[in-house]
Amino acid sequence: MDRASTFSDDETLELLRTKFVSYAPSVTEMLKARGPAGDLFRKVVNQRPEPKHSKQGYYVCTPDGKLLKGWMYPRPDDGTMKRYLKEVLEAYQAPEDVQVLDAAKMDRHAAPLPPEGGAVVEVSAKLLEAEWQQTNVERLTLIRGAIGRDRMWITKAEVQDLVRGSLADSLVERMIRFHFIDNTRGIAGAWKPADLKELQLKTTPEDGKLKIEGSVVLGEAGDRHFNVKIQGILETKGEAISRFDLLAQGTHSEKTTKVGEIPIGESKLAIAFALAAPGESCKVPPLYSYEPGNYLRTSKLKVTELLHPVK
Amino acid sequence: MARALMLWVVAAGSVLAQDAPTTSPKDFTTLHAELCKKEKWETVPWKTDLREVQVAALQEKKPIFIWAMDGQTLGCT
């Protein structure tokens, strides 16, 4: 879906900010979540009869899980959301004597937290230039210009490396494999270690900052290719990261996709990284954090071989 | 004097990276800011913990709005 067009109406946004408590989880993870939170979530979404093929979409409910409105279409939104929000507010009666979910029984796997002592970086991707097939489907044309969002985790050890002025191999690989991807129109696959074909990286301490320049060549046999230029400025203050501004951009192409449509030929893809502000933004897990053994691992990495070849 | 650490590796048989010019500092700042700029949907105070949502809804006597997508609704979806 296109988030920007779905939530573009100012009155709708003001209602969501002030008259509702707004919750945005992963439907995939919450449907599997164990414990009372998962039970409550499933109770709500299972009251919506349509569509049958997906639980994605929107729900309005009471704190004890009674569904008041539930819908997924139309897409893009045609005013349905505002109308439903107002209808709920006109008739809403807050329930009494609701038992609050037991905090001790929350399933952390459904909402993993960042590594302790680490940092969270916001990742934003956009196709700056692309050529597309002709289409009459409005939803497809809207999403072509979308900005893809994700988060990147940095471990405590990697923060400590940055404080000492160096960029850990594990962080370099995580950034490239899991975040140098086109996620602007849906969930894209991570790069495999063998897809890293070339890596050139220069880190230069300058006026208390760490300047980063480099390039990466990524290639999946018969499918995706991404030739990337990297520029960045990192800063630390005390024992913490205070700035993580990095830009990766270059030519991208792919021949197959599991979601949406593919641009014709090569496109220009840009991905920006910036330190997340404290608060809810830091609680949004990276897409691939559900594979912690893969996402956060720090040994036997392909990038180590590329950066330090064994002769 | 600033010290530069240069790391060069070319894997055997690989394709060389493009030698395109680096983005100027102004272009870097502009493009970086453009991509990181918050969109309207991000101005809603979305919560990610259902227990916190429930507690807030009870305290404030408000209904709960749920926006649920595959992947991460507020991230990669």
Side-chain angles (χ1 to χ4, degrees), chain A residues 3-4 7-8 13 16-17 19-28 37 41 56 58-61 63 68 88 92 94 98 100-101 103 106 111 124 126 149-151 183 187 197-206 215 217 227 229 231 245 247 270 272 274 280 283-285 287 306-307 309, chain B residues 2-23 25 28-29 31-37 39-58 60-77:
Chain A
R3 294 182 280 210
F7 294 99
S8 61
L13 290 167
L16 292 174
R17 286 189 206 109
K19 304 297 184 187
F20 293 81
V21 179
S22 297
Y23 172 53
S26 163
V27 71
T28 319
F41 184 82
Q56 292 189 99
Y58 316 99
Y59 304 84
V60 186
C61 67
L68 302 172
V88 166
Y92 187 65
V98 176
V100 174
L101 297 173
M106 301 299 282
S124 308
K126 185 170 183 176
R149 299 285 197 212
D150 200 357
R151 303 296 185 275
N183 66 349
I187 297 169
K197 303 304 183 188
E198 183 180 329
L199 173 63
Q200 299 176 2
L201 204 62
K202 174 179 157 188
T203 55
T204 310
E206 190 175 281
S215 60
V217 175
N227 284 4
K229 286 291 185 187
Q231 281 175 278
D245 289 347
L247 193 63
E280 287 295 324
K283 296 180 188 175
V284 179
L287 178 67
L306 289 174
L307 285 173
Chain B
R3 291 176 58 198
L5 174 63
M6 182 77 71
L7 302 172
W8 295 91
V9 176
V10 177
S14 71
V15 175
L16 288 175
Q18 282 185 344
D19 197 17
T22 306
T23 304
F28 168 88
T29 304
L31 181 55
H32 189 267
E34 178 190 330
L35 290 173
C36 296
K37 185 182 173 185
E39 298 182 293
K40 280 187 173 183
W41 64 269
E42 295 174 288
T43 64
V44 175
W46 301 104
K47 292 186 180 295
T48 55
D49 183 297
L50 185 51
R51 185 180 182 276
E52 288 180 15
V53 168
Q54 187 193 45
V55 167
L58 287 168
E60 299 169 33
K61 299 191 185 308
K62 292 176 180 174
I64 295 169
F65 174 82
I66 302 175
W67 171 31
M69 305 296 294
D70 287 339
Q72 281 301 328
T73 303
L74 301 178
C76 185
T77 184

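Hydrogens, waters and symmetry mates play no part in the numbers below; they use all other heavy atoms, side chains included. To find a chain, count down the sequence lines: A is the first, B the second, and so on, and within it residues start at 1. From a predicted model like this one, the values you see are computed outputs, not experimental measurements.
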- [ ] Report the residues that fulfil ring pair (Phe, Tyr, Trp, His ring centres under 6.0 Å) with W41(B), sequence neighbours left out, ordered by chain and then residue number.
- [x]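 W67(B).
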
Task: Which portion of V55(B) sits near chain A, non-hydrogen atoms under 4.5 angstrom - done: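 Interface part for V55(B): side chain.
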
Open item on the list: I need the E52(B) CD to L101(A) CG distance, nearest 0.5 Å.
Closed with: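 The CD atom of E52(B) sits 11.5 Å away from the CG atom of L101(A).
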
- [ ] Decide yes or no on side chain to side chain contact (heavy atoms under 4.5 Å, CB included) for E34(B) and K126(A), but give the supporting numbers first.
- [x] CA-CA 10 Å; E34(B) 178 190 330; K126(A) 185 170 183 176; 3.9 Å; yes

Which atoms form the tightest heavy-atom contact between [X] and [Y], and what is the distance?
X: P63(B); Y: V60(A); answer: CB-CG1, 4.1 Å
X: L35(B); Y: R149(A); answer: O-NH1, 2.9 Å
X: H32(B); Y: A272(A); answer: CD2-CB, 3.8 Å

TODO: Please state whether the rings of F20(A) and F65(B) are parallel, tilted or perpendicular, taking 30° and 60° as the class boundaries.
DONE: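 Aromatic pair F20(A)/F65(B) classed perpendicular.
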
- [ ] Kindly determine whether L50(B) and F41(A) satisfy side chain to side chain contact (heavy atoms under 4.5 Å, CB included), including the steps that lead there.
- [x] CA-CA 8 Å; L50(B) 185 51; F41(A) 184 82; 4.2 Å; yes

For the pair [X] (side chain) and [Y] (backbone), establish whether a donor and an acceptor sit closer than 3.5 Å, ignoring hydrogens and angles.
X: K40(B); Y: S8(A); result: yes
X: S26(A); Y: G71(B); result: yes
X: T73(B); Y: P25(A); result: yes

Open item on the list: Walk me through whether L74(B) and E280(A) qualify under side chain to side chain contact (heavy atoms under 4.5 Å, CB included).
Closed with: CA-CA 10 Å; L74(B) 301 178; E280(A) 287 295 324; over 6 Å; no

TODO: Could you give me the CA-CA distance, side-chain angles and deciding distance for Q72(B) and D150(A), then say whether side chain to side chain contact (heavy atoms under 4.5 Å, CB included) is met?
DONE: CA-CA 8 Å; Q72(B) 281 301 328; D150(A) 200 357; 5.7 Å; no

